[in-house]
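Have a look at the structure that comes next, please.
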Amino acid sequence: MTDDRHWVRPGILAAVPLDEPPAVVSIGVGLHGVTSALDVFRLPDLWQLHLYRYAAELTVDGVRHAIRPGHVSLVPPGAVVRYRYRGRSEHLYAHLRLPGAGPPRPGASPRSGEPRPVPVVQDAGAGTPALSDLLLRAIAAAPGTPRRADAEVWGALWRVAELAEPAAGSGARPHASAAAAIAFIESHLARPLRVPEVARAAGISQNHLIRLFRRETGTTVVAYIRRRRMERARHLLRESTLAIPAIAAAVGMPDLQAFNKACRRELGASPRAIRTGVPGPGAGAGS
């Protein structure tokens, strides 16, 4: 089914509008394959988001997909869905409404307000735990605070859409492990970070992370951490009234002498000078 509200290239891409939060109609843990190995159905007016914990066969509007643990599907309204299970099968699900949008322009990158083309089925890879956590929080919130559930599912939808987005300037799909490593770094800049720890968080070996990170970002893990710490420090020095020692601690550099040297080296000025508005050689970067 194709219309101006819920465009889909059958079984392949759905155009997902994400600039407004969804309205979650039903959410929970689905259990199937116990009384029947086959389910066939459609939801005429609702999107279906599923995160799978099992292997099975999924057919969406005649297009067959092999699914396994860690796969995620986002099926638009009106699609005919057919599941063939291999026994007891459990998944996290959300049925929801999304604001309407027309079809995306072929070959165009999504702009603000435009729907994002998202594969109906994807492998969430290293992003599976974070996606599962968002959906589990939404499930817990739904009975008492439904708007909180909407917000958690909105975050999950953004993560699903980002799985399909090309890396900047590469034209290639970003590696889920690199995305997981970056997310871990961004969440832990305030404490010591070591490459082996980042690799464990991303679910890959240290050597694989080093190669992957260089390929995906054009820099090393250590250089990325250093740059992001300095960008955060510059922001806090310019925009907040936090004391300089507190800022140093907030970016994982509690040694004030080391923090001062890093600011001079990376930002071109001392922390106090940056706070008072003295520009350094790198002042424009990352602002």
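Sequence positions, counted from 1, serve as the residue numbers for this chain. Hydrogens, waters and symmetry mates are skipped; everything else that's a heavy atom, side chains included, is used.
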*Donor-acceptor pair, S132 side chain versus A130 backbone, under 3.5 Å?*
no
*For R116 and V16, indicate whether the former's side chain and the latter's backbone hold a donor-acceptor pair under 3.5 Å.*
no
_Y54: which of H91, H71, R86 passes side chain to side chain donor-acceptor pair (under 3.5 Å)_ = H91
*Under 4.5 Å between any side-chain heavy atoms of R275 and R272, yes or no?*
no
*Report yes or no: does E90 contribute a side-chain atom to a donor-acceptor pair with the main-chain N or O of R53 at less than 3.5 Å?*
no
_Qualifying residue, where the test is side chain to side chain contact (heavy atoms under 4.5 Å, CB included) with L136 and the options are L131, L51, L92_ = L92
*Closest approach of A15 and W47, non-hydrogen atoms and distance?*
O-CH2, 3.5 Å
*If only atom types and distance count, is the side chain of T145 paired as donor or acceptor with the main-chain N or O of A141 below 3.5 Å?*
yes
*Any side-chain heavy atom of D45 within less than 4.5 Å of one from V25?*
no
*D150 (side chain) donor-acceptor with A23 (main chain) under 3.5 angstrom*: no
*Between the side chain of T276 and the main-chain N/O of A273, is any donor-acceptor distance below 3.5 Å?*
yes
*For L31, does its backbone N or O pair with a side-chain atom of R88 as donor and acceptor, under 3.5 Å?*
no
*Are S26 and Y93 linked by a side-chain donor-acceptor pair shorter than 3.5 Å?*
yes
*Can you measure from CG (L96) to CD1 (I27) and round to the nearest 0.5 angstrom?*
8.5 Å
*Are R97 and E20 ion-paired here, with the side-chain N under 4.0 Å from a carboxylate O?*
no
*If every non-hydrogen atom of R68 is compared with every non-hydrogen atom of D123, which pair is closest and at what distance?*
NH2-OD2, 2.7 Å
